[in-house]
Amino acid sequence: RRILYGAIILVVILLTVPRAAFEMNAHIQRVRDLYPIVPDSVQQIADYLKKTPDTTIVAVRSGYIAPDQNGPYMYLFTGRHQYLSAPALLTQFGADTFDRERNMTAITNGGFPYAIRKILKHEKIDYLVLDTTRAIQATKSAYWLVPVIQTEPVTLMKIDLDRLPPPEF
């Protein structure tokens, strides 16, 4: 009798899980199309990123698109993976974000180009979203950042590894 009940429960689960996954995917796609809740400046960046390859990785370091409040929505609006999103929330659930936070600081604050190159190649980050004031400062010292879209609050920058110096031997 237990085996029969177990088999029935297993069949019910196997029949409902795919439907739940389908419904969740449909919900996420509907949320992505909700433009009014996103400022135009962020929407321009989201529209651009939607046209990039699915494997694109975006690093967001912006007070305007705060990682803990609305950073995760960048994934929903673009469908592109984020390098670091909601670190405080992830830490509450036991995730160790220290290495990624340290890498983001190294990338955005500038520093030794060879170390930055190593981080970027290893982490495969393609785009960086910065506050515009920080982006302007970064492009003066970080010639490997190429501005793609610049709005008043935020700037989308493409990471061009070919512009970084070759590794030292």
Side-chain angles (χ1 to χ4, degrees), residues 18-90 95 97 99-110 113 115-166:
R19 179 66 182 179
F22 173 80
E23 289 296 331
M24 179 56 79
N25 188 40
H27 173 71
I28 288 171
Q29 288 178 354
R30 284 191 299 271
V31 169
R32 279 188 201 161
D33 295 332
L34 294 176
Y35 285 56
I37 63 172
V38 179
D40 288 340
S41 55
V42 176
Q43 190 58 53
Q44 287 177 320
I45 291 172
D47 288 341
Y48 179 88
L49 289 172
K50 279 184 191 179
K51 297 173 188 162
T52 61
D54 291 343
T55 56
T56 298
I57 297 177
V58 180
V60 178
R61 183 64 159 243
S62 167
Y64 188 76
I65 306 173
D68 283 318
Q69 283 102 29
N70 53 2
Y73 289 104
M74 282 298 285
Y75 170 76
L76 289 175
F77 293 130
T78 65
R80 303 303 175 258
H81 294 285
Q82 283 191 269
Y83 179 67
L84 181 63
S85 178
L89 181 64
L90 292 172
T97 62
D99 289 337
R100 288 193 176 200
E101 289 183 70
R102 187 184 65 212
N103 288 345
M104 284 297 294
T105 300
I107 292 167
T108 57
N109 290 350
I116 293 171
R117 180 187 181 96
K118 185 177 179 182
I119 291 169
L120 292 172
K121 285 190 84 129
H122 182 264
E123 302 297 340
K124 299 180 177 131
I125 299 170
D126 300 299
Y127 289 91
L128 189 59
V129 179
L130 296 171
D131 291 324
T132 295
T133 53
R134 182 179 239 174
I136 291 169
Q137 293 168 354
T139 52
K140 290 178 182 173
S141 61
Y143 47 91
W144 43 270
L145 286 174
V146 181
V148 177
I149 295 175
Q150 189 167 3
T151 65
E152 187 178 335
V154 288
T155 298
L156 174 67
M157 306 185 95
K158 173 122 178 71
I159 295 172
D160 186 356
L161 292 178
D162 295 333
R163 296 178 85 178
L164 277 168

Rounded to the nearest 0.5 Å, the OG1 atom of Thr97 sits from the CG atom of Asn103 at a distance of 11.0 Å
**Item:** Min side-chain heavy-atom separation Thr52-Tyr127 under 4.5 Å
**Value:** yes
Residue set satisfying salt bridge (Lys or Arg N to Asp or Glu O under 4.0 Å) with Arg80, at least two apart, ordered chain then number -> Asp54
CG of Leu130 to CD of Gln150, rounded to nearest 0.5 Å, is 10.5 Å
side-chain contact (heavy atoms from CB on, under 4.5 Å) filter on Lys121, not counting sequence neighbours, yields Arg117, Leu161
Value for CD1 (Ile45) from NZ (Lys50), rounded to nearest 0.5 Å, stands at 13.5 Å
Applying side chain to side chain donor-acceptor pair (under 3.5 Å) to Glu152 and not counting sequence neighbours gives none
Does the side chain of Met157 come within less than 4.5 Å of Val148's, by heavy atoms? no
Report task. Side-chain contact test, heavy atoms from C-beta onward, threshold under 4.5 Å: evaluate it for Ile57 versus Glu123 and give yes or no. Result -> no
TODO: Check whether any side-chain heavy atom of Thr78 sits under 4.5 Å from a side-chain heavy atom of Val58, and report yes or no.
DONE: no
Residue set satisfying side-chain contact (heavy atoms from CB on, under 4.5 Å) with Pro18, at least two apart, ordered chain then number -> none
Applying side chain to side chain contact (heavy atoms under 4.5 Å, CB included) to Gln82 and Val60, what does each step give before you reach the verdict? CA-CA 7 Å; Gln82 283 191 269; Val60 178; 3.1 Å; yes
* Asked: Between Leu49 and Lys51, is any pair of side-chain heavy atoms under 4.5 Å apart?
  -> no
In this structure, CD1 of Ile119 is separated from CZ of Arg102 (nearest 0.5 Å) by 7.5 Å
Shortest non-hydrogen pair, Val129 vs Val154, comes out as CG1-CB, 4.4 Å
Find out whether Leu128 and Met104 are in side-chain contact, i.e. whether some heavy atom of one side chain is under 4.5 Å from a heavy atom of the other. yes
